[in-house]
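Read the numbers this way: they start at 1 and go in the same order the structure lists the ligands and their atoms. Residue indices begin at 1 and follow the sequence shown.
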Amino acid sequence: MQATAPFVPPTDLEPYVTADGSVSLRSAALQEGYHSVHGALQESRHVFIRHGLHAVAADPLRILEVGLGSGLNLLLTLADEAVPDRTVHYVGLEPFPPPIALVRALDHPAAVGRPDLRAAFERMMDAAAGDRHQPRPGFTMERRAAAVLDLQEQATYHLVYFDAFGPRTQPAMWTAAVFDVLYRAMVPGGVLVTYCAKGDVRRTLVGCGFHVDRPPGPAGKREMLRARKPIP
Ligand SMILES: C[S@@+](CC[C@H](N)C(=O)[O-])C[C@H]1O[C@@H](n2cnc3c(N)ncnc32)[C@H](O)[C@@H]1O
């Protein structure tokens, strides 16, 4: 088998405007963006909020994000209308955080229509501000510099936002080694959602024990993947 080259995080990130007007980050060297060119906001809302957050009823709700990046999924979760009534613990894994100046430049709080959340959001995204946050009563956020393979927890998370770079850019993220770790970290009945709809990824998830369905994809994509850890 051919060895996969180690992933080299991008150092040339630049903001770019996606088709719905929301701004994301892109690396020319990787030829990869943090979100879909068809719209960062519509993609995050569709994949992670509509088919993830709104499909899981647990309260308290423990969410793990793999690839916190610029924090758009975190902000949409904090801003979601259904969430204030629930207790949420959000853990964001990000070993290569983008500079806070770039995160500020994207101004996700304006794109989401919640400029009132700007200060709390920027504090959570700023490594210098510490790792544990409570942006509102009942919502805690922990930012970890750990990579997904370092995750030790078992039967902890009800919902996983799997928002890694795509399989072409970072194939090691889409392997059984990673999905086994996530399977162990999830509670029975827990749900993992991702924008990726590739057949090999679906088969790898099934091989790890998940039940997988393919909801319709966000704009520009026919399908996405949602994987549920079965209840024994
Ligand atoms: C598609 S971007 C995430 C976009 C992000 N959710 C947002 O809203 O901006 C993928 C992210 O995965 C991160 N990443 C790379 N290797 C990782 C690893 N081993 N574990 C967790 N995250 C990783 C990258 O640094 C990058 O920020």
> Do any nitrogen or oxygen atoms of Gly67 come within less than 3.5 Å of a nitrogen or oxygen of ligand 1?
Replying inline: yes
> Can we say Arg62 and Glu142 salt-bridge, meaning some charged N sits less than 4.0 Å from an Asp/Glu carboxylate O?
Replying inline: no
> Which of the atoms of ligand 1 are close to Gly71, meaning less than 4.0 Å from one of its heavy atoms?
Replying inline: 7 (C), 8 (O), 9 (O)
>> Distance under 4.0 Å to a non-hydrogen atom of His35: what atoms of ligand 1 satisfy this?
In response: 7 (C), 8 (O), 9 (O)
>> Which residue and atom name correspond to the protein heavy atom nearest atom 23 (C) of ligand 1, and how close is it?
In response: Pro95 CD, 3.5 Å
>> Run the side chain to side chain donor-acceptor pair (under 3.5 Å) test on Glu65 and Asn73 for me, step by step, so that the C-alpha distance in whole Å, both residues' side-chain angles and the decisive distance to 0.1 Å come before the verdict.
In response: CA-CA 8 Å; Glu65 176 163 20; Asn73 300 326; 2.7 Å; yes
> Among protein heavy atoms, which sits nearest to atom 27 (O) of ligand 1, and what does the distance come to when rounded to 0.1 Å?
Replying inline: Glu94 OE1, 2.6 Å
>> At less than 4.0 angstrom from any non-hydrogen atom of Asp163, what atoms of ligand 1 do you find?
In response: 1 (C), 2 (S), 3 (C), 4 (C), 5 (C), 6 (N), 10 (C), 11 (C)
> So, Arg118 and Asp107, do they make that salt bridge, N to O below 4.0 Å?
Replying inline: yes
>> Test of understanding: given a 4.0 Å heavy-atom threshold, classify the contact between Leu68 and ligand 1 as side chain, backbone, both, or neither.
In response: backbone
>> With a 4.0 Å cut-off on heavy atoms, is Glu65 in contact with ligand 1?
In response: yes
>> Would Met173 count as a contact residue for ligand 1, given that I'm defining contact as a non-hydrogen atom of the residue lying under 4.0 Å from a ligand atom?
In response: yes
>> Can you see whether Asp80 engages His54 through a side-chain donor-acceptor pair at a distance of less than 3.5 angstrom?
In response: yes
> Going by an N to O cut-off under 4.0 Å, is there a salt bridge joining Arg104 and Glu122?
Replying inline: yes
> Does any N or O atom in Val148 lie less than 3.5 angstrom from one in ligand 1, N or O only?
Replying inline: yes
> If we ignore angles and hydrogens, is there a donor and acceptor under 3.5 Å between the side chains of Ser70 and His108?
Replying inline: yes
>> With nothing but distance in play, are any N or O atoms of Leu72 less than 3.5 Å from an N or O of ligand 1?
In response: yes
> Among all protein non-hydrogen atoms, which one is nearest to atom 9 (O) of ligand 1, and what is the separation to 0.1 Å?
Replying inline: Ser70 OG, 2.5 Å
> What is the closest protein heavy atom to atom 16 (N) of ligand 1, and at what distance does it sit?
Replying inline: Gln170 NE2, 2.9 Å
>> Looking at Arg168 and Glu32, is there a salt bridge between them, counting it only when a charged N and a carboxylate O are closer than 4.0 Å?
In response: yes
>> Tell me whether ligand 1 is touched by Pro9 - counting only heavy atoms on the residue side and a distance under 4.0 Å.
In response: no
>> Does this structure show an ion pair linking Lys198 with Asp200, if we count only N-O contacts that are shorter than 4.0 Å?
In response: no
> Is it true that the side chains of Tyr161 and Thr77 contain a donor and an acceptor less than 3.5 Å apart?
Replying inline: yes
